[in-house]
Amino acid sequence: MTTPSHMLAVSKFVAATPISLAAQIREDYRVHGRDWTRPGFHAVAVHRFGVWRMRIRPKWLRAPFSVLYRVLFRYVRNCYGIELPYSASLGRRVIIEHQSGIVIHGSAIIGDDCILRQGVTLGNRTLEKPFEAPTLAAGVNVGAGAKILGAVRIGEHAVIGANAVVLRDVPPYALAVGVPARIIAGDTT
């Protein structure tokens with residue numbers, strides 16, 4: 001369930017160029033070090049499959065693919081600890097570096113070339129606003145254990161430090177550290 005404003009943000013931060021499922025998975029395979037055994041690659045591949053199967057019409061023809069997706073999603077979540085639902089918007093070449101404790105909200109937007117590490121949470125802040133989730137622009141690097149909560153925007157190539165709790169927007173090329181996160185301006189490259 002996404003709001004119209006959420007869908008507008010998707011087109012701004014996630015590549016709009018359609019690419020086939022096989023091409024996406026090949027690209028994800030390359031950025032995950034050409035290692036098909038990596039849990040992050042499995043999670044991203046299952047996500048891509050989940051998005052792809054939603055394009056199948058009519059619904060009865062999609063049903064067996066939906067069952068397969070559910071089985072794969074539960075396997076990745078329960079065995080690797082990576083919860084990445086198909087409803088989250090995932091850009092190209094996203095790397096999930098490590099397994100365990102990764103939770104991504106179904107309304108989250110992750111741009112191209114982002115890196116997520118273990119223990120990362122992209123979620124909502126309150127039960128009153130269940131669909132407010134973070135937006136990560138292209139090239140964002142999220143450290144281990146970081147929590148990004150609410151309808152915050154993380155600018156291009158920003159770095160979120162390990163164990164930071166981000167509750168407000170982070171400008172491009174900035175570094176956010178601490179609990180709650182404070183912004184350290186400047187180029188981090």
Side-chain angles (χ1 to χ4, degrees), residues 1-3 5-15 28 31-33 38-44 47 76-189:
M1 306 287 170
T2 56
T3 62
S5 63
H6 175 77
M7 294 310 293
L8 291 173
V10 170
S11 63
K12 185 175 178 182
F13 289 104
V14 177
D28 293 327
V31 299
H32 279 90
R38 290 179 70 179
F41 170 70
H42 289 188
V44 171
H47 174 272
V76 167
R77 187 189 66 187
N78 295 342
C79 291
Y80 300 139
I82 302 171
E83 188 163 341
L84 177 58
Y86 76 92
S87 57
S89 298
L90 197 63
R92 295 175 62 184
R93 299 174 303 276
V94 171
I95 298 173
I96 297 180
E97 194 66 43
H98 309 286
Q99 68 185 45
S100 186
I102 297 173
V103 179
I104 299 171
H105 191 281
S107 297
I109 301 170
I110 301 172
D112 297 343
D113 303 307
C114 290
I115 300 173
L116 306 176
R117 291 182 177 78
Q118 76 270 14
V120 167
T121 299
L122 305 179
N124 62 336
R125 249 177 115 171
T126 65
L127 294 175
E128 291 79 34
K129 298 176 182 177
F131 300 112
E132 288 192 354
T135 299
L136 278 60
V140 173
N141 190 336
V142 184
K147 311 299 179 219
I148 305 173
L149 305 174
V152 299
R153 292 183 183 273
I154 310 300
E156 290 183 347
H157 303 285
V159 176
I160 308 302
N163 295 315
V165 178
V166 180
L167 302 174
R168 47 181 211 187
D169 293 354
V170 176
Y173 297 95
L175 172 64
V177 297
V179 179
R182 65 186 192 284
I183 309 305
I184 299 173
D187 191 349
T188 60
T189 57

Looking at every heavy atom in both [X] and [Y], which two are closest together, and how far apart are they?
| X | Y | answer |
| --- | --- | --- |
| V94 | G111 | CG2-O, 3.5 Å |
| G161 | V177 | CA-CG1, 4.3 Å |
| H98 | I102 | O-CD1, 3.1 Å |
| P180 | L167 | CB-CD1, 4.2 Å |
| C114 | A137 | SG-O, 3.2 Å |
| A176 | A164 | O-CB, 3.9 Å |

Inset, instruction - Would you please test V170 and V152 for side-chain contact (heavy atoms from CB on, under 4.5 Å) and show each step? - result: CA-CA 8 Å; V170 176; V152 299; over 6 Å; no

Find the distance between [atom1] ([X]) and [atom2] ([Y]) and round it off to the nearest 0.5 Å.
| X | Y | atom1 | atom2 | answer |
| --- | --- | --- | --- | --- |
| I104 | I110 | CD1 | CD1 | 4.0 Å |
| D169 | I154 | CG | CD1 | 7.0 Å |
| L90 | I109 | CG | CD1 | 11.5 Å |
| I160 | L136 | CD1 | CG | 7.0 Å |
| I148 | H105 | CD1 | NE2 | 13.5 Å |

Legend entry - Check against salt bridge (Lys or Arg N to Asp or Glu O under 4.0 Å), R93 and D113: CA-CA 5 Å; R93 299 174 303 276; D113 303 307; 2.6 Å; yes

Legend entry - Carboxylate-amine/guanidinium contact D112 R92, below 4.0 Å: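 Salt bridge between D112 and R92, a charged N being under 4.0 Å from a carboxylate O: no.
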
Legend entry - Contact check, side chains of Q99 and R38, non-hydrogen atoms, under 4.5 Å: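 With C-beta onward as the side chain, the pair stays apart.
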
Legend entry - R168 side chain reached by I183 side chain, heavy atoms, under 4.5 Å: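 Touching, per the 4.5 Å side-chain cut-off.
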
Under 3.5 Å, sequence neighbours excluded: what are the donor-acceptor pairs made by side chains of residues 115-131?
residue, atom, partner, partner atom, Å
R117, NH1, N141, OD1, 2.4
R117, NH1, V142, O, 3.4
N124, ND2, T126, O, 3.2
T126, OG1, K129, N, 3.4

Inset, instruction - Take L84 and V76 through the test side-chain contact (heavy atoms from CB on, under 4.5 Å) and record every step on the way to the result. - result: CA-CA 9 Å; L84 177 58; V76 167; over 6 Å; no

Legend entry - Sequence-distant partners of H32, ring-ring contact (aromatic ring centres under 6.0 Å, His included), two or more places apart: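 Checked H32 against ring-ring contact (aromatic ring centres under 6.0 Å, His included); zero matches.
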
